[in-house]
Visitor: 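Structure incoming, see below.
Positions are given from 1 along the sequence. The structure displayed is predicted, hence computed values, not measured ones.
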Amino acid sequence: SKDLTLAARSRERSIREIVFDPKKLGSFRCELYDKNSGTIQDQLIISVLPPVPLAERDLAYAYGGKPDDKNWMVFPKYLGLRYGGRWVHGASWGVVQADGPDSWNWEKMDKLVADAEAADIKFVDVFLGGVPEWAKSKKDKKNPHPYGFDLEDWKKYVAAVVKRYAGRIDSWGVWNEPYFHQVEDYVSLLKVTYPLIKQINPKAEVCGLDTPPTTVGWSEKFLKAGGLKYLDVVTTHAYEQEGGYTPETLARIQKIATYDGKKRPVYDTETQLFPWWTSTWYTHLLPLTSGTSRREYSKALSAEEGAQRFTK
């Protein structure tokens, strides 16, 4: 039990840090209540878990949250998580080479890689992309690509990143959601990037596609254009609003991954965690009125709210 004095004005957030040091493993319920009235204001369930042995950690890590925060690396060993990294942007072009073709800054990515190694996290499908402004605005492009940069500059960037982290990162994702562009433009980028990565690090896997399982038309054009031969892993972004996971969508993405007769892994490298843009998940349990803000509509349920709504 701990007394807190909260003096926040209406509609303001007040943050207080409480150190919780349980002596036993298990689940604990924390209650915030008004001492004068005895009314419970909110509840939180905390689970205290033992570390999972590394040999048993084989789950993918939803790594998009706070990859820059070393404290975030604490969670995987308690949740059995081993793999992650899609939205680690420390290796993106606009970070490592932000100020020009002769500028290189490895500080951010070096730290991320070191922190991940200390937490026994393996990076997969690490993002290659994010064009810096200087590359976009360059006037004398020798080998221009439809994405707006010189392929010669792109190859120097990719080669430097893959070489620097070879053996520490052996899984790279080329571009993000290319289905917003023309199929032939993405295939042309893969045609240059795939052999370059393999030349520098033969053990590396090249990941790509990123289409939701229900994307029809673009994926078929990609397959017919021969783009699949430049991918070792097929990635999908299975947002629930765009099909999610059903027997039909899973069968479809597997069919895409094996279109040429070769078996490939399928990684889901992006999906929704918070229902702020879809009417599914827990939001159907919340009353939606004209006065309900999007933030309120998408907020997580407290233990008490969840129990009340599920028992109605």
Visitor: Hey, what do you get for CZ (F123) to CD (E117), rounding to the nearest 0.5 Å?
Guide: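 F123 atom CZ to E117 atom CD measures 8.5 Å (nearest 0.5 Å).
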Visitor: Can you give me the closest heavy-atom contact between V96 and G90, atom names plus distance?
Guide: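 In terms of heavy atoms, the two residues are closest at CG1-O, 3.3 Å.
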Visitor: Determine whether more than 12 heavy atoms belonging to other residues, nucleotides or ligands lie under 6.0 Å from atom NZ of K262.
Guide: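 Yes - once you tally the heavy atoms of other residues, nucleotides and ligands closer than 6.0 Å, there are more than 12.
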Visitor: State the CG-CD1 distance between L32 and I40, to the nearest 0.5 angstrom.
Guide: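 Going from CG on L32 over to CD1 on I40, the span is 9.5 Å.
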Visitor: Could you work out, with salt bridge (Lys or Arg N to Asp or Glu O under 4.0 Å) as the rule, every residue matching D268, not counting sequence neighbours?
Guide: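 Not a single residue meets the salt bridge (Lys or Arg N to Asp or Glu O under 4.0 Å) criterion with D268.
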Visitor: Is R264 reaching over with its side chain to a backbone N or O of L231, donor-acceptor style, under 3.5 angstrom?
Guide: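 Indeed, once roles are kept as given, a pair shorter than 3.5 Å links the two residues.
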Visitor: To check you understand the geometry: which heavy-atom pair defines the closest contact between Y179 and L209, and what is its length?
Guide: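 Heavy-atom minimum between the residues: CD2-O, 4.4 Å.
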Visitor: What are the two closest non-hydrogen atoms of A135 and V131, and how far apart are they?
Guide: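 Looking at all heavy atoms of both residues, the closest pair is CB-CG1, 3.8 Å.
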Visitor: Within a strict 4.5 Å, meaning less than it, do heavy atoms of the V124 and T269 side chains meet?
Guide: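 V124 does not reach T269 side chain to side chain.
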Visitor: Please name the pair of heavy atoms, one in A91 and one in Y157, separated by the smallest distance, quoted to 0.1 Å.
Guide: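 Heavy atoms only, the tightest pair is O-OH, 2.8 Å.
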Visitor: For side chain to side chain contact (heavy atoms under 4.5 Å, CB included), just list the numbers for I197 and L128, CA-CA rounded to whole Å, side-chain angles, deciding distance to a tenth of an Å, and then say yes or no.
Guide: CA-CA 11 Å; I197 292 175; L128 292 173; 4.0 Å; yes
Visitor: Report yes or no: do T211 and H237 form a side-chain donor-acceptor pair below 3.5 Å?
Guide: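 The answer is no; no qualifying pair exists.
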Visitor: How many angstroms lie between atom CD1 of I253 and atom CD of E248, to the nearest 0.5 angstrom?
Guide: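 Between I253 CD1 and E248 CD, I get 14.5 Å after rounding to 0.5 Å.
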Visitor: T236 and P213: which non-hydrogen atoms are nearest, and at how many Å?
Guide: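 Nearest pair, atom of T236 first, then P213: OG1-CD, 3.5 Å.
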Visitor: Would you check, one step at a time, whether the test side chain to side chain donor-acceptor pair (under 3.5 Å) holds for D58 with Y83?
Guide: CA-CA 7 Å; D58 59 358; Y83 303 96; over 6 Å; no
Visitor: Assess whether side chain to side chain donor-acceptor pair (under 3.5 Å) is satisfied between D125 and S171, documenting all intermediate values.
Guide: CA-CA 5 Å; D125 189 36; S171 180; 5.6 Å; no
Visitor: Determine whether D120 and K77 make a side-chain contact, defined as any pair of heavy atoms from C-beta on separated by less than 4.5 Å.
Guide: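 They are not in side-chain contact.
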Visitor: Can you measure from CD (E205) to OH (Y194) and round to the nearest 0.5 angstrom?
Guide: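 Atom-to-atom, E205:CD and Y194:OH are 10.0 Å apart.
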Visitor: Looking at D232 and V206, would you say the former's side chain and the latter's main chain have a donor-acceptor pair under 3.5 Å?
Guide: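 Yes: the side chain of D232 pairs with the backbone of V206.
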Visitor: Any chance you could measure D210, atom CG, to N176, atom CG, to the nearest 0.5 Å?
Guide: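 Answer for the CG-CG pair, D210 versus N176, is 5.5 Å.
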Visitor: For T215, is there any backbone N or O sitting under 3.5 Å from a side-chain donor or acceptor partner on R252?
Guide: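 Judged by distance alone, yes, a pair lies under 3.5 Å.
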Visitor: For L228 and V234: C-alpha separation, side-chain torsions, deciding distance, then whether side chain to side chain contact (heavy atoms under 4.5 Å, CB included) applies.
Guide: CA-CA 8 Å; L228 201 58; V234 168; 3.8 Å; yes
Visitor: Given Y147, which of W93, W175, F180 fulfils the ring pair (Phe, Tyr, Trp, His ring centres under 6.0 Å) condition?
Guide: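 So the option named by the test is W175.
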Visitor: Show your reasoning for whether side chain to side chain contact (heavy atoms under 4.5 Å, CB included) applies to D185 and H145.
Guide: CA-CA 8 Å; D185 297 340; H145 188 271; 4.3 Å; yes
Visitor: In terms of hydrophobic clusters joined by side-chain contacts under 4.5 Å, are V95 and W154 together?
Guide: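 No, it is not one cluster - the side chains of V95 and W154 are not joined through contacts under 4.5 Å.
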Visitor: With a 4.5 Å cut-off on side-chain heavy atoms, are W172 and V161 touching?
Guide: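 Touching, per the 4.5 Å side-chain cut-off.
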Visitor: Would the distance check show the side chain of R164 and the main-chain N or O of W106 forming a donor-acceptor pair, the cut-off being under 3.5 Å?
Guide: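 The answer is no, because no donor-acceptor pair under 3.5 Å joins these two groups.
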Visitor: Please state whether the rings of W218 and F222 are parallel, tilted or perpendicular, taking 30° and 60° as the class boundaries.
Guide: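 If you compare the ring of W218 with that of F222, the planes turn out parallel.
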Visitor: As an exercise, state the distance from CG of N105 to CG of D110, rounded to the nearest 0.5 Å.
Guide: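 Between atom CG of N105 and atom CG of D110 there are 9.0 Å.
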Visitor: Would L54 and V113 show up in the same hydrophobic cluster when neighbours are defined by side-chain heavy atoms closer than 4.5 Å?
Guide: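 The answer is no; the residues belong to distinct hydrophobic clusters.
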Visitor: Please check if W104 and W134 belong to a single hydrophobic cluster, counting links between Ile, Leu, Val, Met, Phe, Trp and Tyr side chain heavy atoms closer than 4.5 Å.
Guide: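 Both belong to a single hydrophobic cluster.
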Visitor: Q254: which residues meet the side chain to side chain donor-acceptor pair (under 3.5 Å) condition with it, sequence neighbours left out?
Guide: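 Applying side chain to side chain donor-acceptor pair (under 3.5 Å) to Q254 gives none.
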Visitor: So, are E220 and K255 salt-bridged, with charged N and O less than 4.0 Å apart?
Guide: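 Judged by the 4.0 Å cut-off on N to carboxylate O distance, E220 and K255 do not form a salt bridge.
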Visitor: So, does K198 use its side chain to make a donor-acceptor pair with the main chain of A204 at under 3.5 Å?
Guide: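 Present.
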Visitor: Apply salt bridge (Lys or Arg N to Asp or Glu O under 4.0 Å) to K138 and list each qualifying residue two or more places apart in sequence or on a separate chain.
Guide: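 Salt bridge (Lys or Arg N to Asp or Glu O under 4.0 Å) list for K138, sorted by chain: D150, D153.
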Visitor: Taking all atoms of both residues into account, what is the closest heavy-atom pair of I256 and L223, and its distance?
Guide: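 Looks like O-CD2, 3.8 Å.
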Visitor: So, the side chain of K141 versus the backbone of K136: is there a donor-acceptor pair under 3.5 Å, distance only?
Guide: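 Checking the backbone N and O of K136 against the side chain of K141, a donor-acceptor pair under 3.5 Å is found.
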